[in-house]
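Contents: one structure, followed by commentary.
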Amino acid sequence: MNYRFQNLLGAPYRGGDAVFAGDSPVLLSAVGNRVASTDLAASSSLTLPFESSSNVTRLAVSPSGDFLLAADDNGRALYANLRRRAVLHRVSFKGAPSAVRFSPDGQLIAVAVGKVVQIWRSPGFRKEFFPFHLLRTFPGFAAGVTAFDWSPDSAFLLASCKDLTARLLPVKNGLRGKPFLFLSHRSAVVGAFFATDKKTGRVKGVYTVSKDGAIFTWNLVEGNEDNDTSPPPSPGTPEQGSEQNDAMELDGGSRKRKILGESGNLDTTPLHLAKWELQEKHFFMQSPAKLTACDYHRELDMVVVGFSNGVFGLYQMPDFVCLHLLSISREKITTAIFNSLGNWLVFGCAKLGQLLVWEWRSESYILKQQGHYFDVNCIAYSPDSQLLATGADDNKVKVWTVSSGFCFITFSEHTNAVTAVHFMANNHSLLSASLDGTIRAWDLFRYRNFRTFTTPSPRQFVSLTTDQSGEVICAGTLDSFEIFVWSMKTGRLLDVLSGHEGAVHGLMFSPINAILASSSWDKTVHLWDVFESKGAVETFQHSHDVLTLAYRPDGRQIACSTLDGLINFWDPSDGLLMYTIEGRRDIAGGRLMTDRRSAANTSIGKYFTTLCYSADGSYILAGGNTKYICMYDVGEQVLLRRFQITRNLSLDGVLDFLNSKKMTDAGALDLIDDEDSDVEEGIDQHTRGNLGLGLPGSMANRGRPIARTKCVKFAPTGRSFAAATTDGVLLYSVDESFIFDPTDLDIDVTPEVFTSSCPSLRLVASMLYSICKYL
């Protein structure tokens, strides 16, 4: 009963930042309102247990790798301990941050909110009432800030901006004066980086990269202390810090050394007061594509850039030598970073949900993951609970390893949405049904489609099942209301079962005999004897449309959900209604922005679209078009627990009460599409924009995705269950981590063999006791 969130599959990257946790091989990426952690050395992925109130867009990790700052698109941020995976503090920046960066010493955090740059003190491990303290604020930007880079001594901050400039900001206490502006760009500056001398470690130059594919090299001119660095006079403009300016003019420049002396450095001119000159201009020549992501590795003096056409380039500076220029996608690269050693490159593509880690020296992939970029419709566990298959609206079938969280094979032969997946009993093959009119069988050893089942005339399949022996395959249709039966060995169509008057969305064989149960929108559940070809053996009538059904593992009970929010339990042998669960109040919750009524009074979505029994048949899981998954006790017909799949306010249907301030005469404020918005494109903006495919009468859904559950499945071991939701595939488990399964024991592993191979009797006794206690 103590099921807790374990992992999130199906979405390794959804836009925003991707960062490494210090010098470790752990890669952090934003996935909706959660943060995914991928250990590249151990080849495993997990999702951190906390979640933000909306989609996470900006990530920053302290240099030591201990702390994570995750900011969402509403301006709220979480400060978490990565070692403990616990949230330490929460803070609101009063606006969506466009860039977040820790200083190299870990003491400061730079945050860009709109046209202002804020410098905050990093909380660390201190226990204070309000640990976040705003130290300095730098206004004056004409447009939004895009990226940051700190100087090695954490005294200066380089901010790139959309106003075609990069600004050198003095951050350390005791530094005064106006920021230095790097000009001459013709487009928004995407990134600006400090270049240091490898021998002394001092800053010697700056690289600025713009959106139009230009990189400028700026050199620091040494020995310019006698030059006049004061800004030109501006008549009629009040001077800021007039006393300081007057003192500097009276002392003839000696005031600079006094001010700098407060920070302990008496010999050098502050960087923002020094003289900089533009040395070189280089261009990447990828027009008309725009430069969308860039990063710089200071020790290797290399720049990596990503473009809107899916091309990335790796260049050796300052000579601008192209080491690699490759294409990894046809869509925009939204993030490109180095790891701490500089041997790995990380690329993210938000539209396709891709996350790639590439080793540039050997030209090989360290990680190559891509999630479903449309809704996941169906899931299925393998008989040993080690694998999980998913099918989605993007026409793809993916197979995931549950323990590692990685997808190891993707089948893309379907030409329309995948509606059902089913593992065969031998655990070596997988079946999938699609709206393209085919049922395909996949070999999980050779990774190929070894058989395709079709019908004489095109049909759209929405349900799929096989008998216990795996010899017979049955599929229900959406348009002809028929059930087709094939032979697995020959691939021939054996029979067509007719009798339903609505779409057959539920289909399942009895675990103990050859009886097939089917549910339809015609308010009936039919039982069929497939091998005797006698047609419908039994029919269960309902007062509303039947949406789905499930057999209890012992085959002595059938549960089916109807459109009025009821779960009816039938005895298949006697044909009697055993009992009913009223679930309308349990699943109700969340108000859509288009709803005219409140969440308590509306009847929309108050029904279950997916059911699944637990391994022992004592519990049943039910999910639907709301934010809740309900778990019921079958014997007592009571609600045991209700799981809320998400608290992401970026999804529709999460709030029970809408904010009246966001309602306008034109409708809800969040539903008004801003065509001029230049907000970074995330995966949610692409998933539901063109589902109509340009068909006459189709209208694009400009609103937010709706929080709902399309499929729930219990693992055969009963220790975990999975739910296909709007955010992805959520895994809930009883265990803290995926533990050893006793069913994996071989017949040769016996206490006698263990005793003979172990010299210490005390160790033998303790091991035998633990094994017996576990079993």
With no hydrogens and no angle check, do the side chains of [X] and [Y] hold a donor and an acceptor under 3.5 Å apart?
{"X": "Thr335", "Y": "Tyr13", "answer": "no"}
{"X": "Asn648", "Y": "Asn55", "answer": "yes"}
{"X": "Ser151", "Y": "Asp153", "answer": "yes"}
{"X": "His185", "Y": "Thr208", "answer": "yes"}
{"X": "Thr57", "Y": "Asp17", "answer": "no"}
{"X": "Ser404", "Y": "Ser44", "answer": "no"}
{"X": "Asp727", "Y": "Thr725", "answer": "no"}
{"X": "Ser52", "Y": "Asn33", "answer": "no"}

Worksheet item: Can you say whether the rings of Phe320 and Tyr315 are parallel (under 30°), tilted (30 to 60°) or perpendicular (over 60°)?
Response: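 Rings of Phe320 and Tyr315: parallel, under 30°.
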Item to complete: Over 60° means perpendicular and under 30° means parallel, so classify the ring planes of His89 and Phe132, tilted if in between.
Response: perpendicular
Fill in: Aromatic contact, Phe182 with Trp276 (centres under 6.0 Å)
yes
Discussion item. Under 6.0 Å between ring centres: does that hold for Phe312 and Phe347?
Written reply: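 When the ring centroids of Phe312 and Phe347 are compared, they turn out to be within the sub-6.0 Å range.
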Item to complete: Decide, yes or no, whether a salt bridge links Asp212 with Lys290 under the criterion of side-chain N to carboxylate O below 4.0 Å.
Response: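 Judged by the 4.0 Å cut-off on N to carboxylate O distance, Asp212 and Lys290 do not form a salt bridge.
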Is [X] atom [atom1] crowded by more than 12 heavy atoms from other residues, nucleotides or ligands, each under 6.0 Å away?
{"X": "Arg202", "atom1": "CZ", "answer": "no"}
{"X": "Arg361", "atom1": "CZ", "answer": "yes"}
{"X": "Lys115", "atom1": "NZ", "answer": "no"}
{"X": "Asp23", "atom1": "CG", "answer": "no"}

Worksheet entry | Gap between atom NZ of Lys368 and atom CD1 of Ile328 - 0.5 Å precision | 9.5 Å
Worksheet item: How far does CZ of Phe138 sit from NZ of Lys178, to the nearest 0.5 angstrom?
Response: 14.0 Å
Discussion item. Please enumerate all residues that pass ring-ring contact (aromatic ring centres under 6.0 Å, His included) together with His133, with sequence neighbours excluded.
Written reply: none
Worksheet entry | Cation-aromatic face contact Arg167/Phe141, 6.0 Å, 45 degrees |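 Here Arg167 passes the 6.0 Å and 45° test against Phe141.
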Fill in: Arg34 charged N/C atom sitting above Phe5 aromatic ring, 6.0 Å / 45°
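Geometry flag: set, cation within 6.0 Å and 45°.
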Worksheet item: Are Arg298 and Asp149 close enough, and set up right, to give a salt bridge (Lys or Arg N to Asp or Glu O under 4.0 Å), and what steps lead you there?
Response: CA-CA 11 Å; Arg298 197 167 291 162; Asp149 190 36; 3.0 Å; yes
Discussion item. One pair to check against side-chain contact (heavy atoms from CB on, under 4.5 Å): Leu158 and Trp150. What are the steps and the verdict?
Written reply: CA-CA 6 Å; Leu158 199 56; Trp150 285 89; over 6 Å; no
Worksheet item: Heavy atoms, side chains only, cut-off 4.5 Å: are Leu326 and Val311 in contact?
Response: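 Leu326 vs Val311: side chains apart.
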Worksheet item: Within a strict 4.5 Å, meaning less than it, do heavy atoms of the Ser340 and Phe20 side chains meet?
Response: no
